[in-house]
Amino acid sequence: MTQPTPITVAYGDGIGPEIMEASLRVLQAAGAQLDIETILLGEKAYNAGHPAGISPDAWASLRRTRVLYKAPITTPQGGGFKSLNVTLRKSMGMYANVRPCVSYAPFIDTKHPLMDVVVIRENEEDLYAGIEHRQTTEVYQCLKLISRPGSERIIRYGFEYARRNHRRKVTCFTKDNIMKMTDGLFHKIFEEIAQEYPDIQSEHMIIDIGTARLASHPDQFDVLILPNLYGDILSDVTAQLTGSVGLGGSANIGEHLAMFEAIHGSAPDIAGKGIANPSGLLLAGVMMLVHIGQSEVAEKVHNAWLRTLEDGIHTADIYKADFSQLRADTATFADAVIERLGQEPQKLRPVHYAKADSQDLANIISVPKTVPAKKELVGVDVFLDWNEEGRDPNVLGQYLETHCNGDGLKLKMITNRGQKVYPDGMPETFCTDHWRCRFVSVDGETIQHHQIIRLLERTAAAGLDFIKTENLFNFDGERGYSLGQGE
Ligand code: NAD
């Protein structure tokens, strides 16, 4: 007899309690050994004055069990509230989001009956760092941060996931033809790590054509590894392609906590009616069982669920009069799955999970150590808010050369929204009030911090409004900054 595994359960809001009750009933009937602690998340926690939707004592349970089985919650409208999922992901370092997207044709209508894709999304970095600034009247900025350890960890997780789940291919999507440094790093690390997994086919696609290909031929894809924003969008697209977002479960995985939940929300429109489909949360529960090493139970639940679907026992959201046998409510659906425990589907492909093979992968993938690079300061970009003289770049360029050049620094170029406008700009280029002015050393040598400070003093004395600077570094002799378009 397996020792019960401690897990934390949150019943959530809306349909949450109904589908959690049904899902836990199925898992336990199948023989899952769970030692359950319940915590309060969501609406009640928000209303009790906890702005992130989680009460302070819940953290102790999460730290103790390191596994959260979470029903959907209702996010309150209006300001002042923080997203609970973002808080949980970031504070507990859940860096990987795993979302299997499978078609169940002919039982669920889909244009892509052969689809079986797992989307693995980086969860902590990218534009989701939440570092945004308004810099001028016209221009706003959001920083896209991609780190080597962050990328290495998610990419290794993806390959390891593929190997353990007997997947044949891993595809990475980026836009590194444009974002050569950030997306370029992610792609480069993908190629590096792919070398360590010669048993798994690997490919990289530019995200735009890759998405088009995924939408038309999802059966050509297997495991996708994506940076955060692309992963967020693509995981919804992929789930929708299966025919129903409502059937999907997802896992958020990190070293300190793993969280399992349905893709859908709390469905307040049908809450309390007892008609919600518990499948998304149930499949998340299956992923949780695999994670905690109860794979045999996971397999039993998953196959019974497939058989239930096949037998035409369908909740209202997937019911089709000409096809379904029974319009089941939540509890009846759970009962039907329980009745089929031990059976396998006849038409759909049965699932097989390796016996007792815990997929607590996050703990075998350590945070990679990085070797500090030799860093040389070779220039600085000074960003200005400037809205004078008809925004003529030549006026600004000559003014900067007259008032700011000196002390070993000279203006190299000015760009506006990344396009070079001085020297030798095109008169047709539209200019905003946001100017990036690149200064480099006169002699091509490295520069010192104090030269930048004096440059800013000269800029301020010249009556120019600088809004930020970005230092230009070379790392181990390699350029660590992008060139302006046309530079
Ligand atoms: P939703 O997913 O709750 O509902 C969209 C539609 O799908 C509704 O018509 C609903 O009735 C239906 N639906 C969803 N799940 C279903 C199920 N299991 N069975 C049958 N029908 C189902 O999305 P929404 O209406 O945009 O959001 C409602 C609330 O959920 C919001 O407060 C939102 O912030 C929250 N939400 C929470 C999570 C989460 O906790 N992870 C995720 C998404 C949305």
Side-chain angles (χ1 to χ4, degrees), residues 8-24 26 39-47 50-54 58 68-90 92 94 97-99 104 108-109 121 123 128 231-233 235-236 239-240 242-253 257-288 305 308-309 313-320 324 327-334 336-337:
T8 303
V9 167
Y11 279 80
D13 304 315
I15 58 169
E18 302 159 43
I19 57 174
M20 180 56 86
E21 192 276 325
S23 300
L24 282 174
V26 175
I39 57 165
L40 199 67
L41 291 184
E43 236 175 357
K44 290 199 185 72
Y46 283 113
N47 293 339
H50 307 299
I54 175 166
L68 172 61
Y69 191 29
K70 172 179 166 285
I73 62 144
T74 301
T75 316
Q77 297 297 307
F81 299 108
K82 285 199 276 181
S83 155
L84 172 63
N85 269 8
V86 174
T87 302
L88 284 171
R89 261 184 229 152
K90 288 200 163 179
M92 298 304 270
M94 289 189 280
N97 179 263
V98 182
R99 198 185 271 197
Y104 304 102
I108 306 287
D109 240 358
R121 160 190 172 195
N123 238 351
Y128 290 66
D232 191 0
I233 298 166
S235 58
D236 269 18
Q240 186 63 42
T242 65
S244 174
V245 183
L247 298 186
S250 96
N252 286 281
I253 308 280
L257 180 68
M259 175 171 93
F260 300 87
E261 62 177 349
I263 293 175
H264 61 73
S266 58
D269 51 336
I270 55 165
K273 296 185 178 159
I275 58 168
N277 188 344
S279 298
L281 190 59
L282 184 65
L283 291 182
V286 167
M287 295 170 84
M288 175 180 73
W305 176 80
T308 309
L309 216 57
I313 319 287
H314 295 161
T315 42
D317 54 312
I318 55 171
Y319 183 87
K320 275 195 303 181
S324 308
R327 184 193 286 264
D329 59 25
T330 311
T332 313
F333 183 84
V337 179

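Counting starts at 1 for both ligands and their atoms, following the listed order.
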Judging by distance only, is a nitrogen or oxygen of I19 under 3.5 angstrom from one on ligand 1? no
Against heavy atoms of N85, which atoms of ligand 1 measure under 4.0 Å? 41 (N)
Strictly below 4.0 Å, N to O, side chains only: are D232 and R99 in salt-bridge contact? no
Would you mind reporting whether L283 and F260 have side-chain heavy atoms less than 4.5 Å apart? no
Looking only at protein heavy atoms, which one is nearest to atom 1 (P) of ligand 1, and how far off is it? G265 N, 3.5 Å
Taking every non-hydrogen atom, the tightest pair across I313 and F333: O-CE1, 3.4 Å
Among all the protein's non-hydrogen atoms, which is closest to atom 8 (C) of ligand 1, and how far away is it? D269 OD2, 3.5 Å
Verify the contact flag for atom 34 (O) of ligand 1, where contact means a protein heavy atom under 4.0 Å away. yes
Quiz question for you: does at least one protein heavy atom lie closer than 4.0 Å to atom 24 (P) of ligand 1? no
Which residue and atom name correspond to the protein heavy atom nearest atom 31 (C) of ligand 1, and how close is it? T75 N, 4.2 Å
With heavy atoms only and a cut-off of under 4.0 Å, state how T74 meets ligand 1: side chain, backbone, both or neither. both
List the closest protein heavy-atom neighbour of atom 29 (C) of ligand 1: residue, atom name, distance to the nearest 0.1 Å. S266 OG, 3.2 Å
Evaluate the 4.0 Å heavy atom contact test for atom 5 (C) of ligand 1: does a protein atom fall under the cut-off? no
So do H264 and I15 actually touch side chain to side chain, heavy atoms under 4.5 Å? yes
CD1 on I263 to CG on L247, rounded to 0.5 Å: 9.0 Å
When distances are taken from atom 16 (C) of ligand 1, the protein heavy atom at minimum range is I15 CD1, 4.0 Å
Heavy atoms only: give me the nearest K44-D13 pair and the separation to one decimal. N-OD1, 4.4 Å
Can you check whether A267 has an N/O within less than 3.5 Å of an N/O in ligand 1? yes
Nearest-contact summary for atom 40 (O) of ligand 1 - protein heavy atom, Å: I73 N, 3.0 Å
Please work out, at 4.0 Å between heavy atoms, whether the side chain, the backbone, both, or neither of I270 comes within that distance of ligand 1. side chain
Could you check atom 17 (C) of ligand 1 against the protein and tell me its nearest heavy-atom contact, residue, atom and distance included? N277 N, 3.7 Å
Hey, could you give me the CG/CE distance between L68 and M92, rounded to the nearest 0.5 Å? 9.5 Å
Work out which heavy atom in A45 is nearest to a heavy atom in I54; give both atom names and the distance. CB-N, 3.8 Å
Quick one: side-chain hydrogen bond (donor to acceptor under 3.5 Å, both in side chains) partners of E261, sequence neighbours excluded? K70, N85
What protein heavy atom lies closest to atom 41 (N) of ligand 1? Include the residue and the distance to one decimal. E261 OE1, 3.1 Å
Sub-4.0 Å protein heavy atom next to atom 19 (N) of ligand 1: yes
What heavy-atom pair brings P72 and S266 nearest, and what distance separates the two atoms? CB-N, 3.6 Å
Compute the shortest N/O to N/O distance between K70 and ligand 1 and return yes if it is under 3.5 Å, no if not. yes
Please determine whether any non-hydrogen atom of P268 lies less than 4.0 Å from an atom of ligand 1. yes
What distance do H50 atom NE2 and L40 atom CG have between them, rounded to the nearest 0.5 Å? 8.0 Å
Any idea which atoms of ligand 1 are less than 4.0 Å away from a heavy-atom of P72? 40 (O)
Where on L84 is there a heavy atom closer than 4.0 Å to ligand 1, on the side chain, on the backbone, on both, or on neither? neither
Minimum heavy-atom distance between Y69 and L281, given as atom pair plus value: OH-O, 2.6 Å
When rounded to the nearest 0.5 Å, the distance separating CD1 of I270 from CD of E18 is 7.5 Å
So which bit of T315 gets within less than 4.0 Å of ligand 1, heavy atoms only: side chain, backbone, both or neither? neither
